Amino acid sequence: MTRAVLFAAALALASRAGAAAVSEACAAASAAQGPDDPELREWLRALVHGVAREEGVDPYALEALGMTETMLQPALGRSCELGPFQVMPWWAGIFRLDSPLLLWDPRINAIAAARIYKAAWRRWEARFSRAGRNRALRAAGWRGPLDRETFAALAYNWGKAPRAFAQAADLRLVPIPASTASYALRFKLALREARERARADNGIPRARSL
């Protein structure tokens with residue numbers, strides 16, 4: 001049975017048993033949609049870069065987001081997140097899609113991710129850079145100021161981040177979940193790798209680490 005069919009079955013449960021049953025069904029079926037496929041990943045990377053340029057997002061940041069979520073593989077998440085970017089099905093209503101199943105389409109999935117990411121990127125404030133000293137981020141291994149790209153990724157993973165950051169008097173004390181702090185670090189590394197690969201493809205020597 002395909003993941004799309006499994007997800008459709010999970011949605012069908014909603015009318016009878018509610019959101020908890022839907023999540024339970026997705027958790028039982030959660031996994032990558034197929035085996036790791038380097039050729040598919042390269043195809044998705046090209047698609048993602050094209051979508052990013054159309055949506056006004058850094059292509060390498062959007063690529064890094066997909067790599068952090070699923071290593072750019074189509075997947076079903078434990079809470080019914082869909083596709084390479086693990087977009088929650090309720091975003092379908094916000095984006096006026098006829099069905100959450102349309103989020104399986106890799107292009108639609110990437111467009112949704114780009115718009116969610118860009119919305120967070122626009123909520124950046126210069127003072128948020130001081131969150132690099134946040135206790136959770138430091139515990140996860142973060143060093144140095146927080147950058148805007150990673151803030152947007154952090155908010156993609158933890159939707160409460162923009163408001164929590166904006167309301168915080170001391171950014172060191174924002175209660176960032178440990179899983180989100182780890183996510184932010186993994187995104188930062190994925191973004192660095194994406195940019196280094198682009199440099200190598202263009203014949204530019206690899207930047208030295210500080």
Side-chain angles (χ1 to χ4, degrees), residues 1-11 22-23 25-92 94-95 97-118 120-121 149-150 152-154 156-157 179-180 182-204 206:
M1 186 180 293
T2 67
R3 301 295 169 188
V5 172
L6 287 167
F7 178 67
L11 283 181
V22 174
S23 183
C26 287
S30 62
Q33 197 174 6
D36 187 30
D37 186 341
E39 290 186 5
L40 175 60
R41 183 178 293 111
E42 288 305 312
W43 181 85
L44 285 169
R45 181 177 283 119
L47 181 147
V48 165
H49 279 227
V51 165
R53 287 189 288 269
E54 293 169 4
E55 295 293 326
V57 172
D58 179 350
Y60 302 108
L62 193 59
E63 174 189 337
L65 196 67
M67 290 296 288
T68 305
E69 288 287 346
T70 65
M71 294 297 290
L72 272 180
Q73 296 185 79
L76 175 66
R78 295 184 60 84
S79 297
C80 300
E81 306 97 315
L82 294 171
F85 289 94
Q86 295 290 272
V87 180
M88 291 296 293
W90 52 263
W91 280 103
I94 294 175
F95 292 129
L97 299 175
D98 291 337
S99 167
L101 292 176
L102 290 173
L103 289 167
W104 278 119
D105 182 298
R107 179 173 174 79
I108 293 174
N109 198 263
I111 290 171
R115 293 179 181 179
I116 297 166
Y117 179 86
K118 183 164 63 173
W121 192 85
E149 292 86 357
T150 304
L154 187 153
Y156 185 93
N157 179 262
S179 60
T180 297
S182 175
Y183 183 99
L185 185 63
R186 288 186 289 116
F187 169 84
K188 181 66 172 180
L189 295 174
L191 179 57
R192 180 185 303 169
E193 290 173 3
R195 289 175 172 166
E196 288 289 356
R197 183 176 53 256
R199 289 169 62 88
D201 290 345
N202 291 320
I204 302 173
R206 185 180 181 87

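Atoms considered below: every heavy atom in the structure, side chains included; atoms not considered: hydrogens, waters and symmetry mates. Note that this is a predicted model, so its numbers are computed, not measured.
- Residues R195 and D58 have side chains in contact (heavy-atom distance under 4.5 Å, counting atoms from C-beta outward).
- With a 4.5 Å cut-off on side-chain heavy atoms, L82 and W91 do not count as touching.
- Across all their heavy atoms, V57 and K118 have their closest contact at CG2-CB, 4.0 Å.
- Residues P74 and N109 are not in side-chain contact: their nearest non-hydrogen atoms beyond the backbone lie 4.5 Å or more apart.
- Taking a 6.0 Å sphere around CG of D98, one finds it holds 12 or fewer heavy atoms contributed by other residues, nucleotides or ligands.
- With a 4.5 Å cut-off on side-chain heavy atoms, R41 and Q73 count as touching.
- Distance check, rounded to the nearest 0.5 Å: NZ of K188 to CG of L154 gives 12.5 Å.
- Atom CE of residue M67 and atom CZ of residue R45 lie 5.5 Å apart, to the nearest 0.5 angstrom.
- Of the inter-residue distances, the one linking L65 atom CG with Q86 atom CD reads 10.5 Å to the nearest 0.5 angstrom.
- Within the 4.5 Å cutoff, the side chain of Y60 has no heavy atoms near those of the E149 side chain.
- Side-chain contact between W43 and L72 is absent, with no heavy atoms from C-beta onward closer than 4.5 Å.
- Closest approach of G77 to S30, counting heavy atoms only: C-CB, 3.6 Å.
- Contact of the E69 side chain with the P84 side chain is not registered, since no non-hydrogen atoms from C-beta on lie closer than 4.5 Å.
- Here the shortest heavy-atom pairing between Y183 and A153 reads CE2-O, 3.4 Å.
- Annotation for M88 and S79: closest pair CE-O, 3.4 Å, computed over non-hydrogen atoms.
- The closest side-chain heavy-atom distance from R107 to L47 is below 4.5 Å.
- The shortest non-hydrogen separation linking A152 to Y117 is CB-CE1, 3.4 Å.
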